[in-house]
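No hydrogens, no waters, no symmetry mates; every other heavy atom, side chains included, goes into these values. Numbers here simply count residues along the sequence, with the first being 1. Only a predicted model underlies this, so the values are computations on that prediction, with no experimental measurement involved.
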Amino acid sequence: MGRRQMVRPGGRSARVQASVHTAVLALESEVGRNALTVPLVAQRAGVTASTIYRRWGDLQELLSDVAVERLRPEAAPEDHGDLLSDLASWAEQFLDEMASPTGRAYIRDALLGDPEGSNAGQCSAYAAEQIGVILSRAIDRGDDAPDVETVIDRVVAPLMYRILFRPDGLDAAYARRLATGAPARPASDESSN
């Protein structure tokens, strides 16, 4: 079982996490990822290496924790006034962020340092939360809207597959086509097709 804490800590623990995360990001840009070591990160963060080992276990788990935090959306999805425009805009932004070299590196780190899959679940929860905001807005406007899982299956899943395994030809138009092809009805209505 991973050593990382699932709940965002407070007090000293939050300060340690913030200083260690900041140290990782600074050192990655200064010396490169391949030169990172737990003692180097600890020295930069002003903590002992044993603090990092106790909290994260190893460098890969630390990098995974940093990646999950960096993949957290910083703002609510933009509101363009209708469901398909909102989904298309969000899908384009999601693709742009995740398909970038930095985004791909964070995805890889999030998964590699977490063999049990809790980081993948957290990243999925970020996407589901963003989609939920979009769908709630549509419902509040009186629009028919699919459920979150339908959008995950029809938009996010193919985007992630292409980002990870078939990145050639990925562009905003592809993301827009996926998003605007999502059904504008609840998933339970699909059986009538």
What side-chain donor-acceptor pairs closer than 3.5 Å can you find for residues 21-29, not counting sequence neighbours?
residue, atom, partner, partner atom, Å
His21, NE2, Asp65, OD2, 2.9
Thr22, OG1, Ala18, O, 2.8
Ser29, OG, Ala26, O, 2.9

Closest non-hydrogen atoms of Ser64 and Gly113, given as atom of the first, atom of the second and distance, are CB-CA, 3.6 Å
Is it the case that more than 12 heavy atoms not belonging to Gln60 sit under 6.0 Å from its CD atom? yes
Give me the one residue out of Ile134, Leu178, Leu87 that meets side-chain contact (heavy atoms from CB on, under 4.5 Å) with Val151. Leu87
Identify the heavy atoms of Asp143 and Leu83 that sit nearest to each other, and give their distance. OD2-N, 4.1 Å
Co-membership, hydrophobic cluster, residues Leu164 and Tyr106, 4.5 Å side-chain: yes
For the atom pair CZ (Arg104) and CD (Glu97), what is the distance rounded to the nearest 0.5 Å? 14.0 Å
What verdict does the side-chain contact (heavy atoms from CB on, under 4.5 Å) test give for Asp58 and Val38, after you've listed the backbone C-alpha separation in whole Å, the side-chain angles of each residue and the deciding distance to 0.1 Å? CA-CA 7 Å; Asp58 62 21; Val38 169; 5.9 Å; no
May I ask you to decide if Asp168's main-chain N or O and Arg162's side chain share a donor-acceptor pair within less than 3.5 Å? yes
For Pro39 and Ala49 the tightest heavy-atom approach is CA-CB, 4.4 Å
Are a donor atom and an acceptor atom from the side chains of Asp153 and Thr150 found within less than 3.5 Å of each other? no
Kindly determine whether Ser50 and Thr48 satisfy side chain to side chain donor-acceptor pair (under 3.5 Å), including the steps that lead there. CA-CA 5 Å; Ser50 64; Thr48 64; 3.0 Å; yes
Tell me, do Tyr174 and Leu159 make a side-chain contact under 4.5 Å, heavy atoms counted? yes
With a 3.5 Å distance limit and no angle check, can you tell me whether Arg166 reaches the backbone of Tyr161 through a side-chain donor-acceptor pair? no
For the residue pair Val155 and Ala179, what are the closest heavy atoms and their distance? CG2-CA, 3.8 Å
So Leu62 and Leu36, do their side chains get closer than 4.5 Å, heavy atoms only? no
Output for pair (Leu71 CG, Ser124 OG), nearest 0.5 Å, gives 12.0 Å
Establish whether Val41 and Val31 are linked, either directly or via other cluster members, by ILVMFWY side-chain heavy-atom contacts under 4.5 Å. yes
Identify whether Ile152 and Ile163 are in the same connected component of the hydrophobic contact network (ILVMFWY, side-chain heavy atoms under 4.5 Å). yes
Heavy atoms, side chains only, cut-off 4.5 Å: are Arg55 and Ser13 in contact? yes
Would Arg70 and Asp109 count as a side-chain contact (heavy atoms from CB on, under 4.5 Å) here? Give the steps. CA-CA 11 Å; Arg70 300 301 295 173; Asp109 283 345; over 6 Å; no
Nearest-0.5 Å distance that lies between atom CG in Leu135 and atom CG in Asp140: 11.0 Å
Which residue pairs pass the side chain to side chain donor-acceptor pair (under 3.5 Å) test with at least one member in residues 125-137, sequence neighbours excluded? Arg72-Tyr126, Trp90-Gln130
Which residues pass the side chain to side chain donor-acceptor pair (under 3.5 Å) test with Arg44, sequence neighbours left out? Glu30
Quick one, Ile131 with Val156, criterion side-chain contact (heavy atoms from CB on, under 4.5 Å). Give me CA distance, side-chain angles, the key distance, then yes/no. CA-CA 10 Å; Ile131 292 163; Val156 179; 3.6 Å; yes
Can you hop from Ile52 to Leu59 via hydrophobic side chains spaced under 4.5 Å? yes
If you measure from CD1 on Ile107 to OG1 on Thr102, what distance do you get to the nearest 0.5 Å? 11.0 Å
Residues Leu95 and Leu170: closest non-hydrogen pair is CD1-CD1, 3.8 Å
How long is the straight-line distance from CD of Glu116 back to CG of Asp114, given to the nearest 0.5 Å? 6.5 Å
Under the 3.5 angstrom rule, does the side chain of Asn119 hit a backbone N or O of Leu111 as a donor-acceptor pair? no
Quick check: closest heavy atoms across Glu78 and Asp86, and the distance to 0.1 Å? O-OD1, 3.7 Å
